[in-house]
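Computed from heavy atoms alone, side chains included, the values below leave out hydrogens, waters and symmetry copies.
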Amino acid sequence: MQKSECHRGVQMRNRLTDNCDQRTSSSAQVKHGTPVQQSKSSSSTSSPESARKLHPRPSDKLNPKTINPFGEQPRAPSAFAAIYSKGGIPCRLVHGSVKHRLQWECPPEKLPFDPLLITLAEGLRETKHPYTFVSKEGFRELLLVTGAPEKAVPLLPRLIPVLKAALVHVDDEVFERGLNALVQLTVVVGPSLNDHLKHLLTSLSKRLRDKKFKEPITTALQKLEQHGGSGSLIIIKSKIPTYCSICC
């Protein structure tokens with residue numbers, strides 16, 4: 001009887017010991033993870049995807065997912081900006097307390113119009129300071145010099161397409177600068193502009209639909225008629241039938 005009780009006591013102690021070992025093993029697995037879990041964790045950190053994120057490949061730049069299509073992309077400087085930055089425009093901007101002005105390196109009348117006048121006309125399409133001021137003011141002042149008609153007329157075939165590009169520009173301020181330059185040009189070259197006038201009137205006709213441009217465009221057309229003579233009126237009426245002559 002005593003041997004049976006002793007045997008049962010040994011069995012109970014063994015069960016208690018086994019339960020304790022199982023709890024200890026479970027606790028260790030929770031803290032350190034099972035070998036399988038450790039293997040998965042290790043493999044995830046050393047996966048090709050993780051390595052690619054830590055060390056991007058050059059080809060990732062071509063992946064659309066890594067590029068923000070709405071971010072500001074760097075742009076190459078325009079032709080006018082590049083020429084101006086290299087000193088190709090023989091004047092510089094002088095900032096005044098009331099208004100800005102240009103200071104020429106030499107008297108403008110001594111400067112060749114080719115290609116300076118065309119370059120300044122190309123700058124009319126700029127939208128950033130100081131290029132906007134330098135181009136419009138430089139164009140205006142160059143046409144005021146003595147002998148400007150003789151220098152400007154031979155350049156009309158190359159100058160008109162540049163002015164047209166400003167007149168069809170979507171930016172309203174660019175269009176206004178182009179329109180003012182056209183008026184300045186017609187005052188200087190007069191009827192010589194008539195042969196090229198039809199290439200410019202289509203864009204003016206479209207902008208006439210905008211009420212804010214109706215008055216300045218009408219004034220510009222009147223200047224074209226005034227300095228271009230009767231020949232200009234025929235051309236204007238053919239493209240803009242609603243135009244009323246200043247002679248009416």
Side-chain angles (χ1 to χ4, degrees), residues 77-94 99-126 129-169 173-204 216-217 219-236 239:
S78 64
F80 182 84
I83 294 173
Y84 182 79
S85 63
K86 294 178 181 179
I89 310 297
C91 62
R92 64 183 181 90
L93 175 64
V94 178
K99 64 179 182 178
H100 305 322
R101 65 182 180 85
L102 291 182
Q103 181 173 325
W104 296 88
E105 296 177 0
C106 64
E109 56 268 16
K110 295 182 179 181
L111 296 172
F113 274 36
D114 189 4
L116 181 56
L117 186 65
I118 298 174
T119 302
L120 291 169
E122 290 174 343
L124 296 172
R125 299 197 302 273
E126 294 290 338
H129 184 78
Y131 312 127
T132 53
F133 181 83
V134 172
S135 59
K136 71 175 182 179
E137 186 63 17
F139 188 88
R140 185 187 71 84
E141 292 186 14
L142 203 59
L143 287 177
L144 292 177
V145 303
T146 303
E150 292 78 10
K151 296 178 181 180
V153 170
L155 299 179
L156 287 178
R158 295 158 56 194
L159 192 58
I160 295 305
V162 178
L163 285 180
K164 181 180 178 180
L167 292 173
V168 299
H169 202 282
E173 293 184 358
V174 172
F175 170 76
E176 290 175 349
R177 287 194 291 271
L179 187 64
N180 291 333
L182 176 60
V183 172
Q184 295 159 8
L185 184 63
T186 190
V187 172
V188 172
V189 301
S192 297
L193 188 62
N194 291 346
D195 293 338
H196 312 276
L197 196 54
K198 62 182 180 180
H199 301 294
L200 305 173
L201 292 176
T202 301
S203 58
L204 298 186
I217 290 176
T219 301
L221 293 174
Q222 292 173 346
K223 290 290 184 181
L224 290 170
E225 180 188 356
Q226 177 184 350
H227 296 279
S230 57
S232 64
L233 177 60
I234 297 174
I235 300 171
I236 294 173
K239 294 293 182 180

Does [X] reach the main-chain N or O of [Y] with its side chain, forming a donor-acceptor pair under 3.5 Å?
X	Y	answer
R177	E126	yes
R92	Q103	no
S232	G229	yes

Return the minimal non-hydrogen interatomic distance between [X] and [Y], and the atom names on each side.
X	Y	result
L167	F175	O-CD1, 3.2 Å
A220	V183	CB-CG2, 3.7 Å
P154	P149	CD-O, 4.5 Å
L117	A152	CD2-CB, 4.2 Å

Do [X] and [Y] have side-chain heavy atoms sitting under 4.5 Å apart?
X	Y	result
K136	N180	no
Y84	S135	no
V134	F139	no
L179	L204	yes
L156	L185	yes

Distance (rounded to the nearest 0.5 Å) between [X] [atom1] and [Y] [atom2]:
X	Y	atom1	atom2	answer
L124	E176	CG	CD	12.5 Å
Q222	L233	CD	CG	11.5 Å
R125	Y131	CZ	OH	15.0 Å
I118	L155	CD1	CG	5.0 Å
L120	F113	CG	CZ	9.5 Å
C91	L111	SG	CG	8.5 Å

Task: Set of residues satisfying salt bridge (Lys or Arg N to Asp or Glu O under 4.0 Å) with respect to R140, sequence neighbours excluded - done: E137

Task: Residues which pass salt bridge (Lys or Arg N to Asp or Glu O under 4.0 Å) with R158, listed by chain and number, not counting sequence neighbours - done: D114

TODO: Check whether more than 12 heavy atoms from other residues, nucleotides or ligands sit under 6.0 Å from atom CD of E109, and answer yes or no.
DONE: yes

Task: Pairs touching residues 142-153 that satisfy side-chain hydrogen bond (donor to acceptor under 3.5 Å, both in side chains), sequence neighbours left out - done: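 Residue pairs with at least one partner in residues 142-153: there are none.
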
Could you list the donor-acceptor pairs under 3.5 angstrom formed between side-chain atoms of residues 192-199 and any protein atom two or more places apart in sequence or on another chain?
{"unit_1": "S192", "atom_1": "OG", "unit_2": "V189", "atom_2": "O", "d": "3.4"}
{"unit_1": "N194", "atom_1": "ND2", "unit_2": "G228", "atom_2": "O", "d": "2.9"}

- [ ] Applying side-chain contact (heavy atoms from CB on, under 4.5 Å), name anything that partners V168, two or more places apart in sequence or on another chain.
- [x] K164, S203

Open item on the list: Going by side-chain contact (heavy atoms from CB on, under 4.5 Å), name the residues that satisfy it together with I83, two or more places apart in sequence or in a different chain.
Closed with: I89, T119

TODO: May I ask you to decide if the ring planes of H100 and H129 are parallel, tilted or perpendicular, using 30° and 60° as cut-offs?
DONE: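 Correct class here is tilted.
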
